[in-house]
K.L.:
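A single structure is presented below for examination.
Every heavy atom of this structure was used, including side-chain atoms; hydrogens, water molecules and symmetry mates were not.
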Amino acid sequence: MTANGLPSLLRHWLWRIVCAASGGLIVDRPSQTPGGCVVVANHSSHADTAVLLAALPPASRPVFGAAADYWFDVRVRRFIATSVAGILPIRRNGNGNYAALLAAARPALQAGRSVVIYPEGTRSTDGRIGEFRSGALRLARDCGVPILPVAISGTAAVLPKDGRYSPGPMRVHIGAPLDPHAISAPQLRAHVLALRDDLGIDPAHRYALAS
């Protein structure tokens with residue numbers, strides 16, 4: 001692990017400990033996950049970012065695309081963004097949100113980092129996975145990287161949108177990388193749905209963080 005990767009390693013272990021203390025986290029993933037990819041996941045809780053930081057390999061140095069004018073305009077949020085959350089600031093401007101996303105994410109992807117995007121655009125409040133926007137696929141295509149589908153379960157019960165914390169078990173299912181040129185946004189959503197519904201992943205590729 002290089003000095004550049006040390007913050008990601010520290011975040012990974014910090015959130016593994018937090019997740020273990022919050023009810024436990026089980027991660028199902030392939031034997032290898034790529035760096036330099038766009039990660040897409042369903043979104044129902046602020047805890048989603050925590051479990052992804054705990055679940056994704058720290059060597060991929062994951063970052064989370066989010067609005068710079070929210071996360072970096074207040075000192076406390078800026079500290080959270082830079083120190084414990086790995087926020088990739090998206091500086092929205094008159095060129096449109098996608099242009100800002102591409103400008104921010106391309107250097108990270110070229111450096112072999114994983115860029116995490118929640119393609120629903122907002123947190124679900126009823127457990128259903130909403131329709132996926134096309135920005136994540138477009139980003140992966142334009143940057144020539146694979147797209148990695150991920151399903152998250154249990155986080156909405158631990159930290160629902162109303163913010164009432166209640167410890168409980170959580171789980172992350174990381175799928176195989178996909179060619180972004182070969183799928184559509186609805187097909188990508190179907191992959192995430194299948195990961196959430198299918199728990200029959202090889203147990204040799206499973207580890208658990210006990211509560």
Side-chain angles (χ1 to χ4, degrees), residues 1-16 27 29-43 46 48-73 77-93 95-119 121 132-152 172-183 185 188 191-192 205:
M1 179 69 65
T2 66
N4 287 339
L6 183 59
S8 295
L9 181 63
L10 294 175
R11 280 193 288 266
H12 175 76
W13 280 103
L14 167 66
W15 291 113
R16 283 188 65 166
V27 178
R29 68 184 179 200
S31 55
Q32 291 185 334
T33 55
C37 66
V38 175
V39 177
V40 298
N42 59 298
H43 192 28
H46 281 316
D48 295 336
T49 296
V51 299
L52 287 175
L53 285 166
L56 291 168
S60 69
R61 295 179 292 152
V63 287
F64 295 74
D69 54 3
Y70 174 82
W71 281 101
F72 289 82
D73 64 348
R77 286 200 294 260
R78 183 166 62 247
F79 171 78
I80 294 171
T82 57
S83 300
V84 299
I87 296 295
L88 179 69
I90 309 299
R91 304 191 182 281
R92 296 177 290 188
N93 53 48
N95 294 327
N97 289 343
Y98 179 73
L101 172 63
L102 180 62
R106 191 194 293 274
L109 291 167
Q110 290 176 339
R113 305 191 73 168
S114 298
V115 174
V116 181
I117 295 175
Y118 299 117
F132 279 15
R133 300 177 182 181
S134 61
L137 276 173
R138 185 179 175 189
L139 178 66
R141 291 166 184 163
D142 288 348
C143 294
V145 298
I147 197 154
L148 190 69
V150 176
I152 303 170
V172 173
H173 315 280
I174 302 175
L178 302 172
D179 179 354
H181 296 279
I183 58 173
L188 180 58
H191 276 279
V192 173
H205 299 150

K.L.:
Mind running side chain to side chain contact (heavy atoms under 4.5 Å, CB included) on Val150 and Val116 for me, showing each step along the way?
P.N.:
CA-CA 10 Å; Val150 176; Val116 181; over 6 Å; no

K.L.:
Nearest 0.5 Å please: distance from the CG atom of Asn42 over to the NE2 atom of His173.
P.N.:
9.0 Å

K.L.:
Looking only at heavy atoms, what is the nearest atom pair of Pro177 and Pro146, with distance?
P.N.:
CB-CB, 4.0 Å

K.L.:
Nearest 0.5 Å please: distance from the CD1 atom of Ile87 over to the OG1 atom of Thr49.
P.N.:
6.0 Å

K.L.:
Let me confirm one number: the CG-CD1 distance from Leu137 to Ile117, rounded to the nearest 0.5 Å.
P.N.:
9.5 Å

K.L.:
If the plane angle is over 60° it's perpendicular, under 30° parallel, otherwise tilted; pick one for His43 and Tyr118.
P.N.:
parallel

K.L.:
What is the minimum heavy-atom distance between Val40 and Ala136, and which atoms define it?
P.N.:
CG1-CB, 3.5 Å

K.L.:
Starting at CD1 of Ile147, measure out to NE2 of His181 and round the result to the nearest 0.5 Å.
P.N.:
10.5 Å

K.L.:
Under 6.0 Å from the CZ atom of Arg133, do we count more than 12 heavy atoms belonging to anything else shown?
P.N.:
no

K.L.:
Using 0.5 Å steps for rounding, measure from the CG atom of Leu148 to the CZ atom of Arg29.
P.N.:
11.0 Å

K.L.:
Can a donor-acceptor pair be found, under 3.5 Å and without considering hydrogens, that links the side chain of Trp15 to the backbone of Val84?
P.N.:
yes

K.L.:
Any chance you could measure Leu102, atom CG, to Ile90, atom CD1, to the nearest 0.5 Å?
P.N.:
9.5 Å

K.L.:
Heavy atoms only: give me the nearest Pro180-Arg141 pair and the separation to one decimal.
P.N.:
O-NE, 2.8 Å

K.L.:
Quick one: closest heavy-atom pair of Ala55 and Ile174, and the distance?
P.N.:
O-CD1, 4.1 Å

K.L.:
Check Phe64 against Ala85 and note the closest heavy-atom contact, atom names and distance.
P.N.:
CD1-O, 3.5 Å

K.L.:
Which atoms form the tightest heavy-atom contact between Pro58 and Ser8, and what is the distance?
P.N.:
O-CB, 3.7 Å

K.L.:
Could you go through Val115 and Val145, starting from their C-alpha distance and side-chain angles, then the distance that decides it, and tell me whether this counts as side chain to side chain contact (heavy atoms under 4.5 Å, CB included)?
P.N.:
CA-CA 11 Å; Val115 174; Val145 298; over 6 Å; no

K.L.:
Please answer whether the main-chain N or O of Arg61 pairs with a side-chain N or O of Arg113 as donor and acceptor at a distance below 3.5 Å.
P.N.:
yes

